[in-house]
Amino acid sequence: MIERGSSTAPVDPPAGTPATPVTPKRTPPTPTPGRRGGFLGSSNGRKAVMAVTGAILVLFLVGHMTGNLKAFFGADSFNEYASFLRTMGEPLLPGRVALTIVEVVLGVAIILHMWSAISLARRAGKARPVRYAARRKAQASGYAVHTMRYGGVVILLFVIYHLLDLTFGTVNPAGWDGTPYERLVASFAPERWWVTAFYVVAVLMVGLHLRHGLWSAFQTLGLASGRSYRPLKLTAAGVSAVLVLGFLTVPVAVMIGVIK
């Protein structure tokens, strides 16, 4: 009588028969997200691009603010500063070549900064397609995202208008023939209060953008922890506040008649 189940039971090979080795199937490696395109294709690479371009833009803001403050020393001082920008590098370089190089570097920095910010935001959205259940915890990050997004649009529009106004004189009452000081005074005259208001809003957006960017950089570098958390947070806010106040003093001074 055959026992139940014996027909399906494994049969041992006869004695002396070598056993056939069983080779396990190899699973192909799973591609790591963000590794396409080398270093710049990774999240760390794009964060590095954002940090470097952000540092370039901060240095530009510091230099630009310092030059603007020369308006308090009179027309001659401000016009000399504007002339220096066009002639710096002479006689080693022809006139305005150094300024053109600076403008190209700034333009590339802005484009790369925007590219890295947008690509990182999209990557974060794809990695977290479902919103957090606790909405209160996400309010701070949501506020920062909206500020950076819409603030960036305001800043871009202002930069375009600012160049047409003070650099090319296209929309400035003094026109291209006016001196840099004359265009400055004409741009922020009391009757053109809306230009000053636009300038204030744009500069405030720059300040918020800068504060968030500095704080994010501290966190990315792993510096914002323990005892350094509060001092670095105050540093980010302090640097932003100094730049905002420095940029706003000149147009406000023109509008109220201190600079004329």
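We number each residue from 1, following the sequence as shown.
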Measure the spacing between [atom1] of [X] and [atom2] of [Y] and express it to the nearest 0.5 Å.
X	Y	atom1	atom2	result
T167	E103	OG1	CD	7.5 Å
D177	N172	CG	CG	11.0 Å
F78	F73	CZ	CZ	13.0 Å
R192	D165	CZ	CG	5.5 Å
F84	L99	CZ	CG	10.0 Å
E90	R96	CD	CZ	12.0 Å

Mind checking whether [X] and [Y] sit in one hydrophobic cluster, side chains of I, L, V, M, F, W, Y counted as touching below 4.5 Å?
X	Y	value
L59	V242	no
V201	V244	yes
F168	I160	yes
V105	I111	no
L157	I118	no

(message) With a 4.5 Å cut-off on side-chain heavy atoms, are L243 and V62 touching?
(response) yes
(message) Quick one, F188 and V252 - any side-chain contact, counting heavy atoms below 4.5 Å?
(response)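 Not in contact.
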(request) Anything under 30° is parallel, anything over 60° is perpendicular, the rest tilted; go ahead and classify W215 against F218. (result) perpendicular
Nearest heavy atoms of [X] and [Y], plus distance in Å:
X	Y	value
R183	G169	CD-CA, 4.2 Å
A202	I155	O-CG1, 4.1 Å
P180	R86	CG-NH1, 4.4 Å
M50	S116	CB-OG, 3.5 Å
G67	Y81	CA-CZ, 3.3 Å
Y161	V195	OH-CG2, 3.7 Å

(request) Answer yes if the ring centres of F158 and Y199 are under 6.0 angstrom apart, and no otherwise. (result)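 Ring-ring flag for F158/Y199: true, centres closer than 6.0 Å.
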(request) Start with the C-alpha gap between L208 and L204, add the side-chain angles, then the distance that decides, and say whether side chain to side chain contact (heavy atoms under 4.5 Å, CB included) holds. (result) CA-CA 6 Å; L208 292 174; L204 289 176; 5.7 Å; no
Judged by atom type as modelled, is there a donor-acceptor pair below 3.5 Å linking the side chain of [X] to the main-chain atoms of [Y]?
X	Y	value
S83	N79	no
T249	G246	yes
N68	F247	no

(message) Before you tell me yes or no, could you show the steps for Y181 and D76 under side chain to side chain contact (heavy atoms under 4.5 Å, CB included), namely the whole-Å CA-CA distance, both residues' side-chain angles and the distance that decides it to 0.1 Å?
(response) CA-CA 8 Å; Y181 186 85; D76 291 339; over 6 Å; no
(message) Could you go through R46 and W115, starting from their C-alpha distance and side-chain angles, then the distance that decides it, and tell me whether this counts as side chain to side chain contact (heavy atoms under 4.5 Å, CB included)?
(response) CA-CA 9 Å; R46 297 183 184 187; W115 165 78; 3.8 Å; yes
(message) Pair W176, T170 - check side chain to side chain contact (heavy atoms under 4.5 Å, CB included), show working.
(response) CA-CA 7 Å; W176 172 252; T170 306; over 6 Å; no
